[in-house]
Amino acid sequence: MLKDDTLKYLYEKTKNYEKGKNNKIFTAQYISELFKVKRNTISHYINQMIEDGEVIKVNTRPVYFFHKRAFEETFFQV
C-alpha cells in the first residue's frame, strides 16, 4: 500500500540522513515522483502520518518530512 511504502521510505532515508546532503529526498514532490503519483496524494498520506505522530514536518521551504522514530533513534527526542 502506498501509505505504508511512503512510511518505510521515510524511515530508511531518515536513518541515513546526513545534514546538508540531498535534502530534496525528504520533500513531498520528490516522494511523489519516486512513487509516480500526484504530490497531493503523498501530502495527504504524510499529513495523516503527522497526525498519528509517525512523521515530523519541518516548516522550511521546501517543507521536509522525517520519520519520527528513526529521527529520535538517530539524533534526539522531538
Side-chain angles (χ1 to χ4, degrees):
M1 185 168 141
L2 181 59
K3 184 176 178 181
D4 294 333
D5 291 341
T6 302
L7 191 60
K8 287 176 191 172
Y9 169 84
L10 285 172
Y11 180 83
E12 290 302 319
K13 296 301 179 186
T14 301
K15 289 292 276 185
N16 298 310
Y17 173 72
E18 292 183 44
K19 186 177 178 181
K21 292 195 177 188
N22 200 18
N23 290 334
K24 73 176 185 175
I25 65 173
F26 297 101
T27 65
Q29 181 64 42
Y30 183 87
I31 297 168
S32 70
E33 291 169 3
L34 180 70
F35 290 111
K36 297 179 179 21
V37 296
K38 292 181 180 180
R39 188 199 53 77
N40 63 339
T41 301
I42 292 297
S43 293
H44 174 74
Y45 287 136
I46 289 175
N47 284 326
Q48 288 178 344
M49 291 181 240
I50 291 168
E51 288 177 19
D52 293 340
E54 298 172 307
V55 170
I56 301 165
K57 179 180 180 179
V58 180
N59 284 319
T60 55
R61 290 292 176 247
V63 175
Y64 297 119
F65 302 98
F66 296 97
H67 190 280
K68 184 178 180 184
R69 184 170 38 97
F71 187 90
E72 290 180 338
E73 289 171 356
T74 306
F75 302 104
F76 56 85
Q77 296 292 314
V78 177

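Note that the structure is predicted; figures quoted are calculated from it, not measured.
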Under 3.5 Å, is there a donor-acceptor pair between the side chain of [X] and the main chain of [Y]?
X     : Y     : result
Glu72 : Val78 : yes
Thr14 : His67 : yes
Asn23 : Lys19 : no

Can you tell me how far [atom2] of [Y] sits from [atom1] of [X], rounded to the nearest 0.5 angstrom?
X     : Y     : atom1 : atom2 : result
Tyr9  : Ile31 : OH    : CD1   : 5.5 Å
Tyr45 : Asn40 : OH    : CG    : 11.0 Å
Leu10 : Phe65 : CG    : CZ    : 8.5 Å
Leu2  : Ile42 : CG    : CD1   : 4.5 Å

Q | Verify same cluster id: Met1, Val37 (apolar side-chain graph, 4.5 Å) | A |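 Different hydrophobic clusters.
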**Q.** Closest non-hydrogen atom pair, Ser32 against Arg39
**A.**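 That closest heavy-atom pairing would be CB-CA, 3.5 Å.
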Q: Could you tell me which non-hydrogen atom of Thr60 sits nearest to which non-hydrogen atom of Tyr64, and how far apart they are?
A: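 That closest heavy-atom pairing would be OG1-CD1, 3.2 Å.
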Q) Side chains of Leu7 and Val55: closer than 4.5 Å at any heavy-atom pair? A)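 The answer is yes; the side chains approach within 4.5 Å.
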Q.
So Asp5 and Phe35, do their side chains get closer than 4.5 Å, heavy atoms only?
A.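 Yes - at least one pair of side-chain heavy atoms lies under 4.5 Å apart.
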**Q.** Single hit among Lys68, Met49, Arg69 for side-chain contact (heavy atoms from CB on, under 4.5 Å) with Ile56
**A.**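 The residue from Lys68, Met49, Arg69 that satisfies side-chain contact (heavy atoms from CB on, under 4.5 Å) with Ile56 turns out to be Lys68.
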Q: Pick out which of Lys8, Lys13, Lys15 makes a side-chain contact (heavy atoms from CB on, under 4.5 Å) with Tyr11.
A: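 Result: among Lys8, Lys13, Lys15, Lys15 is the only option passing the side-chain contact (heavy atoms from CB on, under 4.5 Å) with Tyr11.
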Q. Taking everything shown except Lys3 itself, do over 12 heavy atoms lie less than 6.0 Å from its NZ?
A.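 It does: Lys3 NZ has more than 12 such atoms within range.
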Q) Is the Phe26 ring parallel, tilted or perpendicular to the Phe66 ring (thresholds 30°, 60°)? A)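 Aromatic pair Phe26/Phe66 classed tilted.
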